[in-house]
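Just so it is clear: chains get the letters A, B, ... in the order the sequence lines come, proteins before strands, and each one is counted from 1.
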2 protein chains.
Amino acid sequence: MKAEIITVGTELLLGETLDTNTHYIANVLKELSIPTYFHTSVGDNIERIRRLLNIASKRSDLVILSGGLGPTKDDLTKDALAEHLQETLLLDDEAVDKIKHHFHKIEKEMPENNLRQAHYIKNSHILKNHNGLAIGMVTTKDNVMYAVLPGPPSEMTTMVEKELLPFLKEKIGGVFVSKTLRFTNIGESALAEKISTIIDAQSNPTIAIYAYTGDVTIRLTANGRTTQECEEKIKQTEALILEPLKPYFYGYDHQTLADVVIALLKEKHYTLSVAESLTGGLCQSKLVSVSGASDVFSGGVVTYQTSAKEKILCIPSELLLKYGTISHECAVAMAQNVKALYGSDIGLSFTGIADEHAIEDKASGTVYIGIAMPNKEPISYCVHFNRGRNANRELSAIFGLNKLRELLEEKGEHYGY
Amino acid sequence: MKAEIITVGTELLLGETLDTNTHYIANVLKELSIPTYFHTSVGDNIERIRRLLNIASKRSDLVILSGGLGPTKDDLTKDALAEHLQETLLLDDEAVDKIKHHFHKIEKEMPENNLRQAHYIKNSHILKNHNGLAIGMVTTKDNVMYAVLPGPPSEMTTMVEKELLPFLKEKIGGVFVSKTLRFTNIGESALAEKISTIIDAQSNPTIAIYAYTGDVTIRLTANGRTTQECEEKIKQTEALILEPLKPYFYGYDHQTLADVVIALLKEKHYTLSVAESLTGGLCQSKLVSVSGASDVFSGGVVTYQTSAKEKILCIPSELLLKYGTISHECAVAMAQNVKALYGSDIGLSFTGIADEHAIEDKASGTVYIGIAMPNKEPISYCVHFNRGRNANRELSAIFGLNKLRELLEEKGEHYGY
């Protein structure tokens, strides 16, 4: 089976949107050991999509299309495929109900166009959209299989995981098992170098590395006759990988650092409060993104201005004058005082310079993170980031959560300042 | 002139490398007002590259290739192009000298293969590589122009900026100007419907609509002899578009809602503090993402637990018992009390249910947003979202910032609860 990927959207051709869907789908196809020979992006133009389908159907057995399923007249992927296959489009009742229900719920009148999102081609296998309204489908004609997926990444990836992958796996036969290992505080190339011999020797499971801001993941996918056989294969490779990488490992699959921290707090019966300056609420927002965080996250403050540090967090002005707001002393005082203010077991704090200019003689990207644990001397860490204002803020929040995780797992170096 | 972009490299098809070159080149072409109709990625296979060039030469006037110029036998782009054009490859003396000099400098023997990086096609215009050894070129045959660029992003972008762009600009002449209008509190399809006659009549400027979470943008791009002529054309279309859409419009180009709110606060000499429950710091983080926010953003609290609302924000327990935490009354009290706590001019608050389960008899996705303006009765808004925990949190933060923007612009309906 030879595959190709087609992403549809004028915004891709205009360079307004970076196409990450192709990269994602290419990895999924690699997991299934389906070779991919072409990727193409095309604009929202029915004639050009049709011409492309004509070319693709002559050189590939599986054509995966993503994008152009929305409600506007610019969204033409299904129309182009129907024309190419000389089929007509039908309305899926379930999808129509869902669209109508959506508009009823938000108390808005439904523009007639929206029903286009319920279109499918006769005899095709419908792919449900768990994160949106436009359904996808898989349809086969003249030995070529076409899979149609939505463009928004959250809708596309969920449809692939929950709908397309199970369908393709059944077609292919055998069992596939995947597991993702998550790492932080290490770069993609440094990580790859540490396991280069394992990567070079990979066959089953396959090893795929992805990098995000402050986060690197390794996805292992094994193929075998039974789930147990696959899991055994993954277990062996996981052990090899974690040997050099254990210090950077924090979780599995979809776990975020915030998930891990919230789970550890629950396990240890600790509550947490947070005081943020440069991160401005970002760390707290990550914690609140976890459902059920309220059991252990007491809340916190954003003391962005110096006066707020004095007034709300009661940090003595003498301390701020002597050491400055960007200091070990200020970070520790913020952690201790937010802990006292909220009556929580643990206090976490962030103060530093996100921007690309120096403040108080401290270089840009200098961040102090304070942690006040129960019955221990409060500590603080000094880190330097150089990635621009908002990436520096993101990296700071991740670094702080990771240090707290290490302390909760009792692995962190526990030193005073 | 119609363009297409081809990126060459098996690592792209395997999903090992995210293709950012296409995105970069697409933006450069947009600047030049050269429409791009196709992007394709292909592996390091001479036959498949040749077949792709054959397809491309029939549908495009400008074919930009990137990747596959290195010294190894996998690097086949120039060979494929030479075969396609039925031309032979020659060695560029200057490039040969540079390669030899390089190996002399690093004191290594030069593998003969490395001279392949000095290859060019007869009569082509050579593009120098300022960051590496492999030269590029522009060559024209049968009215199709082919530009060949290296794959490593640092080499490719420098070659485009210093070599290809000046060459293409001279060829084209004329000017392109773009402007983006930003809207919120309206969906993509509803927005498109309101200006459908304008969209249908578009030619110059072109109109492109993009949707993000809580945000829709319209990008106008005009082509003309002078910048002034383009700006005049954009001005006319902008006026037509804003007629039905003015209530949803909030800014231009890269402006975020937080940018607009911070700018308005500065203009009016107001300071702001924020109290967040379900949004958990997300709104404050958006404000802090704006450089210079500290001039007007005093800070705030995350009172996620009910006890924190009482203790930190001093909201009377009787109020919470009588009306619940998810109520107009609580939102207003939070806004008033955070304003008093920080001594700011304005208080903004968020309380509600992000999750998909009901609390206090309020449906999931129910959010109350309170705003205490200077010298006015505090107000609150009740909204319903149904997009899952974190999208609901995002939409809440955006809705609150937008309501504040309207009040600062003195456009908002100002009603008590």
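Figure legend: cation-pi geometry between B/R59 and B/Y37 absent, as NZ or CZ is not positioned both under 6.0 Å from the six-membered ring centre and within 45° of its axis.
Contact count against chain A (heavy-atom pairs under 4.5 Å) is highest for B/R393 among B/R393, B/K286, B/Q284. For the options A/G43, A/G300, A/G299, A/A308, heavy-atom pairs under 4.5 Å to chain B are most numerous at A/G300. Comparing A/L52, A/L29, A/T10 by how many heavy-atom pairs each has under 4.5 Å with chain B, the most go to A/L52. When the candidates A/G280, A/A3, A/A26, A/P71 are compared by the number of heavy-atom contacts under 4.5 Å with chain B, A/G280 comes out ahead. Of the listed residues B/C283, B/S298, B/G343, the one with more heavy-atom pairs under 4.5 angstrom with chain A than any other is B/S298. Of the listed residues B/S289, B/A190, B/G281, the one with more heavy-atom pairs under 4.5 angstrom with chain A than any other is B/S289. Contact count versus chain B (heavy atoms, under 4.5 Å) is highest, among A/T279, A/N113, A/L12, A/V288, for A/V288.
The side chain to side chain donor-acceptor pair (under 3.5 Å) test applied to B/T366 returns B/H384, not counting sequence neighbours. Among residues two or more places apart in sequence or in another chain, the salt bridge (charged side-chain N to carboxylate O under 4.0 Å, His left out) test is passed with A/K309 by none.
Residue B/D200 touches chain A through its side chain alone, counting heavy-atom pairs closer than 4.5 Å. With a 4.5 angstrom heavy-atom cutoff, A/A397 does not touch chain B via any of its atoms.
Ring geometry for A/F297 against B/Y304 counts as tilted: the plane angle lies between 30° and 60°, on a 0 to 90° scale.
Side-chain contact annotation: B/S344 with B/S273, donor-acceptor N/O pair under 3.5 Å present. Judged purely by distance below 3.5 Å, without hydrogens or angles, the side chains of B/S291 and A/D355 pair a donor atom with an acceptor atom. Side-chain polar atoms of A/S277 and A/T303 form no donor-acceptor pair below 3.5 angstrom.
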